[in-house]
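Report on the following structure.
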Amino acid sequence: MITNVKEILTKAKEGGYAVGAFNAMNLETTRAIVEGALEMRSPVIIQVTEKTMEYGGGRGMYHLIKNDAEFYAPDIPIGMHIDHGKSFEVIQRAANIGYPSVMYDGSRNKYADNLMVTKKVVDFCHEKGVDVQGELGSVPYLGEIQIEDIDWDKYMTDPGQAEEFVKKTGIDALAVAIGNAHGFFKERKEPDYARLEMINKNIGNIPIILHGASDWENGRVQEVIKRGIACFNIDTALRLAFINNLASAVKNKSEMSYDPRNILGDARDAVKAVVKEKIKIFGSDGKA
Ligand code: G3H
Ligand code: 13P
Ligand code: ZN
């Protein structure tokens with residue numbers, strides 16, 4: 001059942017667990033997330049990036065996710081969300097299609113510009129009943145920096161700015177940088193727990209999102225949930241499961257597997273296994 005993202009996140013934050021926001025890019029990954037959530041009785045968020053909007057069609061992905069959530073998991077709360085929308089135009093397009101939640105990512109812009117455009121996005125979206133996630137500080141991507149060179153201070157969220165940003169923009173959720181990074185990447189040796197604690201204190205009950213969580217395991221996950229993280233974004237781990245499974249299936253193909261549905265079905269199940277494993281780590285199993 002398609003459910004309001006803010007409601008899913010708020011329940012998680014209040015309940016002391018987190019949900020997964022999983023990136024879908026096609027039929028197989030969408031179905032894997034829906035089935036994983038159903039089998040674990042867990043709320044989840046399914047999200048689509050700009051690149052996936054180009055690949056699968058923003059409208060096509062919208063109807064695919066909506067149909068799968070409503071038909072296959074009618075009693076499981078499933079949020080639909082646009083991940084890393086980088087311009088006001090993309091947000092407009094997504095909201096007009098019907099996506100009920102979006103992220104505007106102005107994190108690479110100057111603070112004043114990020115604040116100004118995020119506020120503009122919130123005004124536009126709230127008018128239409130669409131939730132908005134903003135990002136402050138910036139979560140690095142694998143490949144854009146050398147791990148040895150990384151100056152984490154350049155990326156981190158400033159707790160004082162976070163307070164002002166949330167107040168002035170009216171966002172519904174905040175993505176933070178506390179030593180997390182996109183991709184399988186050596187994250188900062190230790191996440192900056194004290195910084196997260198301060199951000200959480202400054203922004204009250206606004207749910208906090210941790211991007212780049214594919215390689216976050218139990219210990220860290222628990223520590224950040226305690227300090228306000230209500231949602232972990234997962235993409236790379238799903239891609240790897242899909243591609244690795246596909247590659248070995250193609251290599252070992254028998255005549256039967258010339259039917260793409262056999263091969264893609266197995267890849268879907270490999271993604272589902274990762275979704276279920278993550279749900280267990282985040283503690284959202286049984287919360288639907
Ligand atoms: O955090 C963002 C995604 O992992 C990047 O996804 O390749 O679909 O833009 P994309
Ligand atoms: P990973 O690819 O590191 O899992 O990050 C996903 C993400 O942050 C999507 O917004
Ligand atoms: Zn991200």
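These numbers come from the heavy atoms of this one structure, side chains and all, not from hydrogens, waters or symmetry mates. These figures come from a predicted structure and were not determined experimentally. In each ligand, atom 1 is the first atom listed, and ligand 1 is the first ligand listed.
Ligand-side atoms of ligand 2 in range of Thr236: 1 (P), 2 (O), 3 (O), 4 (O), range being under 4.0 angstrom from any heavy atom. Near Ile234, meaning under 4.0 Å from any of its heavy atoms, are these atoms of ligand 2: 4 (O). In summary, the atoms of ligand 2 found under 4.0 Å from a heavy atom of His84, numbered by their order in the structure, are 10 (O). Listed by number with element, the atoms of ligand 2 under 4.0 Å from a non-hydrogen atom of His211 are 8 (O), 10 (O).
Residue Asn23 has no nitrogen or oxygen atom sitting less than 3.5 Å from a nitrogen or oxygen atom of ligand 2, judged on distance alone. When only interatomic distances are considered, the shortest N/O to N/O separation between Ala237 and ligand 2 does not fall below 3.5 Å.
Remark: Arg268 fails to qualify as a cation-pi partner of Phe242 under the 6.0 Å distance and 45° angle criteria applied to the six-membered ring. For the pair Lys278 and Phe22, the cation-pi criterion (under 6.0 Å, within 45° of the ring axis) is not fulfilled.
The protein atom (non-hydrogen) at minimum distance from atom 10 (O) of ligand 2 is Asp83 OD2, 2.6 Å. Looking from atom 4 (O) of ligand 2 to the surrounding protein, the closest heavy atom is Ser214 OG, 2.5 Å. Atom 3 (O) of ligand 2 has as its closest protein heavy atom Gly183 N, 2.7 Å.
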What short N/O contacts, under 3.5 Å, does ligand 1 make with the protein, listed by atom pair and distance?
{"unit_1": "ligand 1", "atom_1": "1 (O)", "unit_2": "His84", "atom_2": "NE2", "d": "3.1"}
{"unit_1": "ligand 1", "atom_1": "1 (O)", "unit_2": "His182", "atom_2": "NE2", "d": "3.2"}
{"unit_1": "ligand 1", "atom_1": "4 (O)", "unit_2": "Asp235", "atom_2": "OD2", "d": "2.8"}
{"unit_1": "ligand 1", "atom_1": "6 (O)", "unit_2": "Arg239", "atom_2": "NH2", "d": "3.1"}
{"unit_1": "ligand 1", "atom_1": "7 (O)", "unit_2": "Arg239", "atom_2": "NH2", "d": "3.0"}
{"unit_1": "ligand 1", "atom_1": "8 (O)", "unit_2": "Thr49", "atom_2": "OG1", "d": "2.6"}

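Distance alone, capped at 3.5 Å, places no donor-acceptor pair between the Arg41 side chain and the Ala37 backbone. Of the possible polar contacts, none joining the Asn109 side chain to the Asp105 backbone as a donor-acceptor pair under 3.5 Å is found. Counting only distance, with no hydrogens or angles, the side chain of Thr10 and the backbone of Glu7 share no donor-acceptor pair below 3.5 Å. In this structure, Glu187 contributes its side chain and Ala181 its backbone to a donor-acceptor pair below 3.5 Å.
Using a 30° and 60° split on the angle between ring planes, Phe165 and Tyr111 fall in the tilted class, from 30° to 60°.
Centred on the Zn ion (ligand 3), the angle running from His182 (NE2) to His211 (ND1) is recorded as 120°, rounding to 10°.
Checking Lys167 against Asn202 by side-chain atom types alone, no donor-acceptor pair falls below 3.5 Å.
With salt bridges taken as basic N to acidic carboxylate O contacts below 4.0 Å, none links Lys86 and Glu50.
Under 4.0 Å from ligand 2, not a single heavy atom of Arg239 appears.
Annotation: Tyr99 is in aromatic contact with Tyr62 [ring centroid separation under 6.0 Å].
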Please determine whether side-chain hydrogen bond (donor to acceptor under 3.5 Å, both in side chains) holds for the pair Gln133 and His211, giving the CA-CA distance in whole Å, both sets of side-chain angles, and the decisive distance to 0.1 Å. CA-CA 12 Å; Gln133 177 188 138; His211 284 243; 2.9 Å; yes
